[in-house]
**Q** 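One structure is given below, represented as structure tokens, and several questions about it will come after.
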Amino acid sequence: MRSERRKPYPFDQIEPKWQAIWEERQLFHAPNPGEKGFDLGKPKFYILDMFPYPSGAGLHVGHPEGYTATDIVARYKRMRGFNVLHPMGWDAFGLPAEQYAIKSGQHPAVTTRENVAKFKRQLKRIGFSYDWQREINTTDPLYYKWTQWIFLQIYNSWFDPETKRAEPISTYRGTDPDSVRLAYVADVPVNWCPELGTVLANEEVVDGKSEVGGFPVVRRPMRQWMLRITVYAERLLDELDKLDWPEGIKLLQRNWIGRSEGAEIDFKIDKGDQEIRVFTTRPDTLYGGTFLVLAPEHSLVDLIVTEEQWPAVREYRERTARKSELERVDLSKEKTGVFTGAYAINPGNNEKIPIWIADYVLVGYGTGAIGGVPAHDERDLEFAKKFDLTIVVVVQPTGDEPAIGFTGEGIAVNSPIINGLTSAEAKKKITAWLEERGLGKRAINYKLRDWLFSRQRYWGEPFPIIWKNGKHRSLGENELPVVPPSLDDYKPTGTGEPPLAKAKEWVRYSDKALRETNTMPQWAGSCWYYLRFCDPHNDRRFVGEEAERYWSGIGFQPMSHRQDANAAAGIVDLYVGGTEHAVLHLLYARFWHKVLFDLGYVSKPEPFQRLVNQGIILGEDNQKMSKSRGNIVNPDDVIDQYGADAFRCYEMFMGPLEQMKPWSMRGVEGVARFLARVWRLMMIENQAAEWELSPAVKDVDSTKAQQKILHATIKKVTQDIESLSFNTAISQMMIFVNAFTNVDAIPLSAMRAFLGLLNPFAPHTTSELWERLNAKFSDARGGITEQRWPTYDEQLLVEDETEVVIQINGKVRDRIKMPILATQEELKSAALSNPKIQDRIAGKTVRNVIVVPKKLVNIVV
RNA sequence: GCCGAUGUGGCGAAAUGGCAGACGCAACGGACUUAAAAUCCGUUGGGCCAUAACAGGCCCGUGCCGGUUCGAGUCCGGCCAUCGGCACCA
């Protein structure tokens, strides 16, 4: 048993005290336009954390890393006069609650409520300055009513390729609007996970296994809801340029969208009138195309297979269909395929080439068919070697590599129309040639697939859709929210039919119409939560127009800030969260936002202007924190022992925010010591062991040196918060405190300014000290959170004298004090006449002298 | 395989091309104490020389090899290692 150790300072009393005061006074509530306390003169700042999934395990120290960073910025921005939107909520639909329900029989709503309460209590203990009046929960019918409403907007829209925008479906002039809706139903090969009893999005499948649970996933065609995100591929790609995101994350999204430029070429079938369209990025290799390969699922396969090849083709297709995603993706395996018996004509040279099917060609990419160019494509080469197909070299490498297997750019050969051209020129020319003859055209392809949007689960948003005579139709807005039925049995049916189908009463919408029984994926709620935070209690609109415009920085900003605000493409000024959402949440949210933007519901084209990813916190053993390793650190334990302020400061002091770094309890202790030193700078323990204000704190002027270090600290902390370099900001404040330790008189004004700087990091301790100062001195009014951020005077930082380094051949040999204004000549002569230097250069020729004013003199001999 | 990030003391880390290791941890020594804890003060990259001691001096050092530069942790080229992402995308 640890003996009840005396606290180095009474954080256990002051932290709950200040948390209660903040809550009671609602100090961190951000008023909306029209609300009491709203100040038109303040610019807005929207700073958002990726909201958590409230799991049963509660918070671990990784969560509050990003939250602390944003909280520091939020508190700082408030002190700089911003109206700061800093909300928190719960992304609470999803598998774990449902899995738990299956095991325990407890309704997911109950577990969700308990988990949320636990998370909220833990977050409050850390002293975050969230505007809790704006708390939202994706599983609240008042919230998901609007998730369903947005789905209806998507469902009732189409993408006009002319304007490249979403438009209401009523503007569509074609015959079958259902074929162009942004939400549609399709029979698609999906990732079916038998163990979970549900289909998964491509993004939820990792190495052929489910991301959740690691269960095997197989391909299987099913009727599913899809969202037509692919029509936005171009904009999702191009508009990344406007965002202040880490380049790495932008790159991940670019790769995920996977734009590639090339041509679509039509190959006539030898005996028959069909054509096979292939996509290629290398139209310049057309003459080297010695066979075609179709994906096994390609729709033309049925039409072209010859009688004698049927059994082999059928067998191959069945085998492919049975394969799990893992088997199919396995690269180490050999290429497989079957000849269809049919031939096509290469439009370049009119040669007859065989048509094969093989599972290395994917039905979902391009046209699901390729022209095999074995000489210049690794996969085609492997395939051609295995099945003994013709190999023709059509690109000559400019270096001395072998031509067969050369996939780079070179010079076209054996290609009558383009011989002698570079690959780039050849691409252009052959594409133009094909276009003239109606044999092909320039084409752009994206790797991005449409978003598989339905799940066979209980704990998710039901679709606001009903089925009648085999056709789907949307419910009216007045029928929202569609609330899921309560069920006794949440288990997946195992057949792929969703659990909601078990609620027979609920499913029956009317005599002739049935409800859609799929639910939305977990991503749905997080696709727009940042919008709801702007106006969380609006019951007439998903977000009020005025609130949306205000928090987007439009219309209401003071003139001085208007330009900045309008330059931003995104509504959220700073968004902090983990990298794991680089291509899932962040892409889906951008997509929804763009649809809403096109339809005129939001004023900015992007959701998140600046994105920062916090690094993962490892256990003390340098391993990823996990239950099995037993290295998980619980914030509650840390706070019990060292207090919330020490916890916050340590999270920031560990190292750069974006870096992965290990936890260290010793490190927490060090930071706790720093806070205790701050405390004792102003407080002293009396005979009765009570803390009282130290008599050393006096309303006196700072010494010159103290003034200098104060202003240097203001400057550094200000700049470091702006650049999110919290670790070095804390270092500087430690230097400040060290400088004031053991001095006789502690100047009040310096302490006031310092407490302001430290407040965003350690809000409880600084609030308490501020209040204690107020009790004795009358130089300041109000609580610390109402104070303006300290400013620094550059003049006070200027030194009269500076230490100049003297180097010989780049090596430091001596240091001299020189006036700050010393000229280059003065520095040079001072260096050369320095006795130590004279000794060293005696007898040598000085060849060059480099002088860097205020810094150094380098003598080259 | 392709793409990206990272590599600095015993540890977490800091350094607009200009004194490498700020700040913190740990360790060691000292003060205070009956004692310990706490606190305060000091030392602390490695090697060598020197001295009675204090002081002082020299060399090496930011994953490895090379380059640019008066000067490189920082810029350029090549490699190695670790982590992350993508992975038959035609």
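Below, chain A is the first sequence line, B the second, and so on; all start at residue 1. As the structure is a prediction and not an experimental result, all values here were calculated from the model.
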**Q** Can you tell which of A:Phe726, A:Trp663, A:Tyr642 makes a ring-ring contact (aromatic ring centres under 6.0 Å, His included) with A:Tyr650?
**A** A:Trp663

**Q** Check whether any side-chain N or O of A:Thr728 sits under 4.0 Å from OP1 or OP2 of B:rA22, and answer yes or no.
**A**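 No, outside the criterion.
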
**Q** Would you indicate what A:Leu252 reaches in the nucleic acid, counting non-hydrogen atoms under 4.0 angstrom: base, sugar-phosphate, or nothing?
**A** sugar-phosphate

**Q** For the P atoms, the ones on B:rA90 and on B:rC75, what distance do you get once it is rounded to whole angstrom?
**A** 33 Å

**Q** Can you tell me the distance, in whole Å, between the CZ atom of A:Arg677 and the P atom of B:rC25?
**A**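 One finds 9 Å between P of B:rC25 and CZ of A:Arg677, rounded.
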
**Q** Has A:Asn255 got a side-chain N or O lying under 4.0 Å from the OP1 or OP2 atom of B:rG4?
**A**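 No, outside the criterion.
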
**Q** Nearest-Å distance, CD (A:Glu580) to P (B:rA5)?
**A**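 A:Glu580 atom CD is separated from B:rA5 atom P by 20 Å.
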
**Q** Strictly below 4.0 Å: does A:Arg673 bring a side-chain N or O up to OP1 or OP2 of B:rC25?
**A** yes

**Q** Using purine N1 to pyrimidine N3 plus N6-O4 or O6-N4 for Watson-Crick, or N1-O2 and O6-N3 for G-U wobble, each under 3.5 Å, what pairs with B:rU74?
**A**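 None - no nucleotide pairs with B:rU74, as no candidate has both distances under 3.5 Å.
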
**Q** Students often get this wrong, so: under 4.0 angstrom with heavy atoms, is A:Val852 touching a base, only sugar-phosphate, or nothing?
**A** base

**Q** Answer yes when A:Lys661 and A:Glu65 have at least one side-chain N-carboxylate O distance shorter than 4.0 Å, and no when they do not.
**A** yes

**Q** Would you call the rings of A:Phe754 and A:Phe674 parallel, tilted or perpendicular, taking 30° and 60° as the class edges?
**A** perpendicular

**Q** Under a 3.5 Å limit for both distances, which nucleotide forms a Watson-Crick or G-U wobble pair with B:rG42, could you say?
**A**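 Because both required distances fall under 3.5 Å, B:rG42 counts as paired with B:rC28.
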
**Q** Using a strict threshold of under 4.0 Å (side-chain N to carboxylate O), is an ion pair present between A:Glu264 and A:Arg442?
**A**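 Salt bridge absent between A:Arg442 and A:Glu264.
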
**Q** Answer yes or no: does a side-chain N or O of A:Arg254 lie under 4.0 Å from OP1 or OP2 of B:rC86?
**A** no

**Q** Under 6.0 Å from the six-membered ring centre of A:Tyr360 and within 45° of its axis: does the NZ or CZ of A:Lys335 meet both?
**A**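 Yes, cation above the ring, under 6.0 Å and within 45°.
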
**Q** So what does A:Asn727 hit on the nucleic acid, given a heavy-atom distance under 4.0 Å: a base, only sugar-phosphate, or nothing?
**A** sugar-phosphate

**Q** Any strand counts, and the cut-off is 3.5 Å on both contacts for Watson-Crick or G-U wobble. Which nucleotide pairs with B:rG12?
**A**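 Across any shown strand, B:rG12 pairs with B:rC23.
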
**Q** Under 4.0 Å: is that the gap between some side-chain N or O of A:Lys386 and OP1 or OP2 of B:rC88?
**A** no

**Q** Can you check whether A:Gln732 has a side-chain N or O nearer than 4.0 Å to OP1 or OP2 of B:rC23?
**A**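 Checking A:Gln732 against B:rC23: no side-chain N or O falls below 4.0 Å of OP1 or OP2.
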
**Q** Regarding A:Arg813, tell me which of base, sugar-phosphate or nothing describes its non-hydrogen contacts under 4.0 Å with the strands shown.
**A** sugar-phosphate

**Q** To the nearest 0.5 Å, how far apart are CD in A:Gln824 and OG in A:Ser829?
**A**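 Output value for this atom pair is 11.5 Å.
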
**Q** Pick base, sugar-phosphate or nothing for A:Ile735, based on heavy-atom distances below 4.0 Å to the nucleic acid.
**A**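 Sugar-phosphate only.
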
**Q** Once you round it to whole Å, what is the distance between P of B:rA90 and CZ of A:Arg259?
**A** 12 Å

**Q** Quick one: label A:Lys624 by what it contacts on the DNA or RNA (base, sugar-phosphate, nothing), any heavy atom closer than 4.0 Å.
**A**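 The residue A:Lys624 makes no contact with any strand.
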
**Q** For A:Thr281, which contact category applies under a 4.0 Å heavy-atom criterion: base, sugar-phosphate, or nothing?
**A** sugar-phosphate

**Q** Any side-chain N or O of A:Asn622 less than 4.0 Å from the OP1 or OP2 oxygen of B:rG12?
**A** no

**Q** Starting at CE of A:Met665 and ending at P of B:rC11, how long is that distance when rounded to a whole Å?
**A** 21 Å

**Q** Given that A:Leu251 and A:Asn445 both sit by RNA chain B, which one's nearest nucleotide is further toward the 5' end?
**A**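 Looking at RNA chain B, the more 5' nearest nucleotide goes with A:Leu251.
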
**Q** Just name whichever nucleotide pairs with B:rU6, Watson-Crick or G-U, keeping both distances under 3.5 Å, else none.
**A** B:rA81

**Q** Once hydrogens and angles are ignored, does a donor-acceptor distance under 3.5 Å link the base of B:rA22 to the side chain of A:Ser731?
**A**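 Side chain to base: pair present.
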
**Q** For A:Gly670, answer base if it contacts any base atom (sugar-phosphate contacts may also be present), sugar-phosphate if it contacts only those atoms, and nothing otherwise; contact means non-hydrogen atoms under 4.0 Å.
**A**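 Sugar-phosphate, no base atom in range.
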
**Q** Answer with base, sugar-phosphate or nothing: what part of the nucleic acid does A:Glu378 contact at a heavy-atom distance below 4.0 Å?
**A** nothing

**Q** Parallel, tilted or perpendicular: which describes the rings of A:Phe383 and A:Trp356, with under 30° parallel and over 60° perpendicular?
**A** perpendicular

**Q** So what does A:Ser260 touch, heavy atoms closer than 4.0 Å: a base, only the sugar-phosphate, or nothing?
**A**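 Sugar-phosphate, no base atom in range.
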
**Q** Please determine whether a side-chain nitrogen or oxygen atom of A:Lys661 lies at a distance below 4.0 Å from atom OP1 or OP2 of B:rC11.
**A**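 So the side-chain polar atoms of A:Lys661 never come under 4.0 Å of the phosphate oxygens OP1 or OP2 of B:rC11.
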
**Q** Give the rounded distance in Å between these two atoms: CG of A:Asp720 and C1' of B:rC23.
**A** 12 Å

**Q** For B:rC19 and A:Arg815 - does any side-chain N or O of the residue sit under 4.0 Å from the phosphate oxygens OP1/OP2?
**A**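 The answer is no; no side-chain N or O of A:Arg815 sits under 4.0 Å from OP1 or OP2.
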
**Q** Report the glycosidic orientation of B:rG47: syn if within 90° of 0, anti in every other case.
**A** anti

**Q** Report the residue (A:Met654 or A:Ile370) whose heavy-atom-nearest nucleotide on RNA chain B is the more 5′ of the two.
**A**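 Whichever sits nearer the 5' end wins; that is A:Met654.
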
**Q** Counting any heavy atom closer than 4.0 Å, what does A:Met733 reach on the DNA or RNA strands: base, sugar-phosphate only, or nothing?
**A** nothing

**Q** Suppose you measure atom P in B:rG4 against the same atom in B:rG56; what distance do you get, rounded to whole Å?
**A** 50 Å

**Q** Could you check which nucleotide pairs with B:rA53 in any of the strands shown, counting Watson-Crick or G-U wobble with both distances under 3.5 Å?
**A**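 None - no nucleotide pairs with B:rA53, as no candidate has both distances under 3.5 Å.
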
**Q** Can you check whether A:Asn742 has a side-chain N or O nearer than 4.0 Å to OP1 or OP2 of B:rC41?
**A**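 Yes, within the criterion.
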
**Q** Between A:Glu234 and A:Arg259 (salt bridge meaning N to carboxylate O under 4.0 Å), is one present in this structure?
**A**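 No, no charged N to carboxylate O under 4.0 Å.
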
**Q** Remember a base hit wins even if backbone is also touched, and classify A:Asn809 as base, sugar-phosphate or nothing at under 4.0 Å, heavy atoms.
**A**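 The residue A:Asn809 makes no contact with any strand.
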
